[in-house]
Undergrad: 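The structure under discussion is supplied below as structure tokens; questions concerning it will follow.
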Amino acid sequence: MSAVPDITLNDGYTIPQLGFGVFQIEPADTAEAVREAIEIGYRHIDTAEMYGNEKEVGEGIRGSGIDRGDVYVTSKLNNGLHEPDDARRAFDTTLSDLGFDYVDLFLIHWPLPTLYDGDFVSTWKTLEEFQGDGRARSVGVSNFQVEHLERLARETDTVPAVNQIEVHPYFTNEAVREYGRDHGIATEAWSPIAQGEVLDDTTITRIADNIGKTPAQVVLRWHIQRGDIVFPKSVTPSRMRENFELFDFELDPGDMEDISALDQGGSGRTGPNPDTFAHVPG
Ligand SMILES: NC(=O)c1ccc[n+]([C@@H]2O[C@H](COP(=O)([O-])OP(=O)(O)OC[C@H]3O[C@@H](n4cnc5c(N)ncnc54)[C@H](OP(=O)(O)O)[C@@H]3O)[C@@H](O)[C@H]2O)c1
């Protein structure tokens, strides 16, 4: 079995560097997918209120037979619920849907700078309460840009433990990663294989052929060697297994550079731009 390294966060807790993401897994398929992931060896599950499958994540973890304490669980506050009282109720619902009395990590899913009068600061202070009462061991943010992080640093006392942002070879998101590195905020790379879009790239397939690994393994290994936390999503057991086998090989510095050079800047994004994203699920 592959040994997944732990990353130590700025609050002293540790997080497995490789996990399993459940975005776009149908609720009806989620418990089985989570059980399968745990069977393969994953010990870190990334969900969100927005994904609509927290209940089934809890069921999958309980059905796996391993202790709750042996799995790292992240969830995220939904976009319509940033007002402090809404956030408090939403967090209660997250815990009751998961069926747990704490989460390892709770995030503000999107900064929504064009909504709520641009006030993500009071939302952040509400997450500080959840950490204060022990129901969220760590708190962090997602999709925060440098200016959003700078504002939290100016106006609040807690540095986010993580910032979960889009990162993959076509969008390496260096400025936000660098801010994190300089300020003790771990980067979590979402859509690490760009939902499959980078897997046919000839640079990636050339490296994969040379070293006898798959394109997905090459890209995920690139993230691991850059020090980011990743949680690829798959409902396909053979891919779930493939994505977990990242610790018996290394990319050499030249291959690392060639992959990083695929960056297309902002036009390489597969997801929305956090500066303008304002979707509130109905
Ligand atoms: N914070 C945020 O705003 C945010 C946004 C997006 C994602 N996320 C998190 O990041 C996680 C991962 O991102 P993602 O789900 O968007 O995309 P991803 O992990 O980059 O890609 C998932 C897609 O790639 C396919 N795939 C997985 N492994 C593969 C392999 N070895 N070979 C070929 N294809 C493979 C999957 O297909 P099958 O499932 O059909 O096998 C699925 O279509 C999410 O699940 C979620 O937890 C967070």
Side-chain angles (χ1 to χ4, degrees), residues 15-27 29-30 32-34 36-37 40 42 44-54 56-57 60 72-79 103-112 120 140-145 148 160 162-173 176 186-201 204-205 208 213-224 228-246 268-281:
I15 180 170
Q17 194 181 4
L18 174 64
F20 181 67
V22 298
F23 176 43
Q24 292 175 326
I25 303 187
E26 290 299 325
D29 301 329
T30 301
E32 180 54 32
V34 166
E36 179 77 36
I40 288 167
Y42 291 88
H44 166 185
I45 311 291
D46 184 88
T47 185
E49 290 170 0
M50 203 187 286
Y51 305 165
N53 55 17
E54 290 171 303
E56 293 77 9
V57 166
Y72 192 98
V73 180
T74 299
S75 195
K76 318 183 189 87
L77 180 70
N78 211 335
N79 288 351
V103 286
D104 295 277
L105 177 63
F106 196 65
L107 310 180
I108 300 179
H109 205 148
W110 289 89
L112 307 176
F120 44 76
V141 294
S142 178
N143 299 301
F144 273 46
Q145 305 278 51
H148 305 141
V162 311
N163 187 17
Q164 183 177 130
I165 54 174
E166 181 175 351
V167 184
H168 47 72
Y170 289 164
F171 181 54
T172 59
N173 215 341
V176 183
T187 293
E188 298 192 323
W190 64 249
S191 291
I193 56 172
Q195 300 200 338
E197 274 181 36
V198 294
L199 302 182
D200 295 329
D201 189 283
I204 307 285
T205 55
K213 296 290 172 186
T214 69
Q217 287 173 325
V218 166
V219 175
L220 293 168
R221 180 70 208 181
W222 170 81
H223 286 283
I224 294 288
D228 291 352
I229 298 158
V230 280
F231 22 80
K233 170 265 178 187
S234 179
V235 289
T236 315
S238 59
R239 290 174 171 175
M240 290 161 68
R241 238 170 272 122
E242 176 185 328
N243 297 345
F244 195 70
E245 298 300 325
L246 305 180
R269 282 186 192 277
T270 59
N273 186 324
D275 289 327
T276 50
F277 187 63
H279 174 68
V280 172

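In listed order, ligands and their atoms are each counted from 1.
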Undergrad: Among Phe231, Tyr72, Phe20, which residue meets the ring pair (Phe, Tyr, Trp, His ring centres under 6.0 Å) test with Tyr42?
TA: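 One option only clears the test, and that one is Phe20.
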
Undergrad: Within a distance under 4.0 Å of any heavy atom of Asp46, pick out the atoms of ligand 1 and give their elements.
TA: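 Atoms satisfying the 4.0 Å criterion: 9 (C), 46 (C), 47 (O).
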
Undergrad: Under 4.5 Å between any side-chain heavy atoms of Pro192 and Leu220, yes or no?
TA: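 With C-beta onward as the side chain, the pair touches.
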
Undergrad: Tell me, do Lys76 and Met50 make a side-chain contact under 4.5 Å, heavy atoms counted?
TA: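 A side-chain contact under 4.5 Å is absent here.
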
Undergrad: Can you pull out the closest protein heavy atom to atom 48 (C) of ligand 1? Residue, atom name and distance to 0.1 Å, please.
TA: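 Scanning the protein heavy atoms, the shortest distance from atom 48 (C) of ligand 1 goes to Gln164 OE1, 3.0 Å.
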
Undergrad: Using heavy-atom distances, let me know which of Lys233, Glu197, Arg239 sits nearest atom 35 (C) of ligand 1.
TA: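 Result: the heavy atom closest to atom 35 (C) of ligand 1 is in Arg239.
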
Undergrad: Could you check whether any heavy atom of Ala194 sits closer than 4.0 Å to an atom of ligand 1, since that is the contact criterion I want to use?
TA: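 Yes, Ala194 has a heavy atom closer than 4.0 Å to ligand 1.
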
Undergrad: Can you report which non-hydrogen protein atom sits closest to atom 12 (C) of ligand 1, along with the distance?
TA: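 It is Phe231 O, 3.3 Å.
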
Undergrad: Under 4.0 Å from a heavy atom of Ala216: give me the atoms of ligand 1 that qualify, with their elements.
TA: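 Taking each heavy atom of Ala216 in turn, ligand 1 has 30 (C), 31 (N) under 4.0 Å.
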
Undergrad: Determine whether Arg239 and Ile193 make a side-chain contact, defined as any pair of heavy atoms from C-beta on separated by less than 4.5 Å.
TA: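 The answer is no; the side chains never approach within 4.5 Å.
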
Undergrad: Counting distance only, does the side-chain N/O of Gln17 pair as donor-acceptor with the main-chain N or O of Asp228 below 3.5 Å?
TA: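 A pair under 3.5 Å: yes.
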
Undergrad: Pull out every atom of ligand 1 sitting under 4.0 Å from any heavy atom of Leu199, numbered as shown with elements.
TA: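 Within the 4.0 Å cut-off of Leu199, ligand 1 contributes 32 (N), 33 (C), 34 (N).
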
Undergrad: Identify, by atom number and element, the atoms of ligand 1 in contact range of Trp110, meaning under 4.0 Å from any of its heavy atoms.
TA: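 Here the atoms of ligand 1 in question are 3 (O).
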
Undergrad: Evaluate Ile15 against Asp104 for side chain to side chain contact (heavy atoms under 4.5 Å, CB included), listing each step before the verdict.
TA: CA-CA 9 Å; Ile15 180 170; Asp104 295 277; over 6 Å; no

Undergrad: Would you confirm whether Asn53, through its side chain, and Val22, through its main-chain N or O, come within 3.5 Å as a donor-acceptor pair?
TA: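 Judged by distance alone, yes, a pair lies under 3.5 Å.
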
Undergrad: Which ligand 1 atoms, with their elements, are less than 4.0 angstrom from a heavy-atom of His109?
TA: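 In order of number, 1 (N), 2 (C), 3 (O).
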
Undergrad: Just which atoms of ligand 1 are under 4.0 Å from any heavy atom in Thr236?
TA: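 Counting atoms of ligand 1 from 1, those under 4.0 Å from Thr236 are 38 (P), 40 (O), 41 (O).
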
Undergrad: N/O to N/O below 3.5 Å, does that happen between Phe23 and ligand 1?
TA: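 Yes, Phe23 has an N/O under 3.5 Å of an N/O on ligand 1.
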
Undergrad: Distance-only, no hydrogens or angles: does the Glu166 side chain make a donor-acceptor pair with backbone N or O of Thr270 under 3.5 Å?
TA: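 Side chain of Glu166 to backbone of Thr270: a pair is present.
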
Undergrad: Please compare Ile193, Asp29, Val219, Ile108 and report which has the shortest non-hydrogen distance to atom 24 (O) of ligand 1.
TA: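 Going through Ile193, Asp29, Val219, Ile108 one by one, Ile193 has the nearest heavy atom to atom 24 (O) of ligand 1.
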
Undergrad: Which bit of Ser142 is near ligand 1, meaning a heavy atom under 4.0 Å away: side chain, backbone, both or neither?
TA: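 The side chain, only.
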
Undergrad: Under 4.0 Å, heavy-atom basis, I'd like to know which part of Thr47 is in contact with ligand 1: side chain, backbone, both or neither.
TA: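 Neither part.
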
Undergrad: With ring pair (Phe, Tyr, Trp, His ring centres under 6.0 Å) as the test, pick out the partner of His109 among Phe144, Phe23, Tyr51.
TA: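 Answer after filtering Phe144, Phe23, Tyr51: Tyr51.
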
Undergrad: Around atom 5 (C) of ligand 1, find the nearest protein heavy atom and jot down its residue, atom name and distance.
TA: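 Here the nearest protein heavy atom works out to Trp190 CD2, 3.2 Å.
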
Undergrad: Could you tell me which atoms of ligand 1, counted from 1 in the order shown, lie closer than 4.0 angstrom to a heavy atom of Pro232?
TA: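 Checking each atom against Pro232, I get 19 (O).
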
Undergrad: Relative to the heavy atoms of Asn143, which atoms of ligand 1 are at a distance of less than 4.0 Å?
TA: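 Contacts of ligand 1 toward Asn143, numbered from 1: 1 (N), 2 (C), 3 (O).
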
Undergrad: Does Asn78 reach the side chain of Pro281, with side-chain heavy atoms less than 4.5 Å apart?
TA: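 Result yes, sub-4.5 Å side-chain heavy-atom pair found.
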
Undergrad: Can you tell me which residue and heavy atom of the protein come closest to atom 17 (O) of ligand 1, and the distance to 0.1 Å?
TA: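 For atom 17 (O) of ligand 1, the nearest protein heavy atom is Gln195 CG, 3.4 Å.
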
Undergrad: Is Phe20 close enough to touch ligand 1? Criterion: a residue heavy atom under 4.0 Å from a ligand atom.
TA: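 Per 4.0 Å heavy-atom rule, Phe20 does not contact ligand 1.
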
Undergrad: Is Asn243 touching ligand 1 with its side chain, its backbone, both, or neither, if touching means heavy atoms under 4.0 Å apart?
TA: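 Looking at Asn243 and ligand 1, just side chain atoms fall under 4.0 Å.
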
Undergrad: Report the C-alpha distance between Val219 and Lys213 in whole Å, list the side-chain angles of each, state the deciding distance to 0.1 Å, and finish with yes or no for side chain to side chain contact (heavy atoms under 4.5 Å, CB included).
TA: CA-CA 10 Å; Val219 175; Lys213 296 290 172 186; over 6 Å; no

Undergrad: I want to know if ligand 1 touches Pro192 in the polar sense, i.e. an N/O pair below 3.5 angstrom.
TA: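 N/O-N/O distance under 3.5 Å: yes.
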
Undergrad: Measure up the Trp190 and Trp110 rings against each other and bin them: parallel (under 30°), tilted (30 to 60°), perpendicular (over 60°).
TA: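 Because their plane-to-plane angle is over 60°, the rings of Trp190 and Trp110 count as perpendicular.
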
Undergrad: Just to check, does Glu242 reach to within less than 4.0 Å of ligand 1 when the distance is taken from its heavy atoms?
TA: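 It does, in that a heavy atom of Glu242 comes within the 4.0 Å cut-off of ligand 1.
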
Undergrad: Got the closest protein heavy atom to atom 13 (O) of ligand 1, with its distance?
TA: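 Minimum-distance protein heavy atom for atom 13 (O) of ligand 1 reads Ser191 N, 3.1 Å.
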
Undergrad: Within the structure provided, determine whether His44 and Thr74 are in side-chain contact (heavy-atom separation under 4.5 Å).
TA: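 Of all side-chain heavy-atom pairs linking Thr74 with His44, at least one is under 4.5 Å.
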
Undergrad: Would you say that His148 contacts Val141 through its side chain, given a criterion of any heavy-atom pair below 4.5 Å between the two side chains?
TA: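 Counting from C-beta outward, His148 and Val141 never come under 4.5 Å.
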
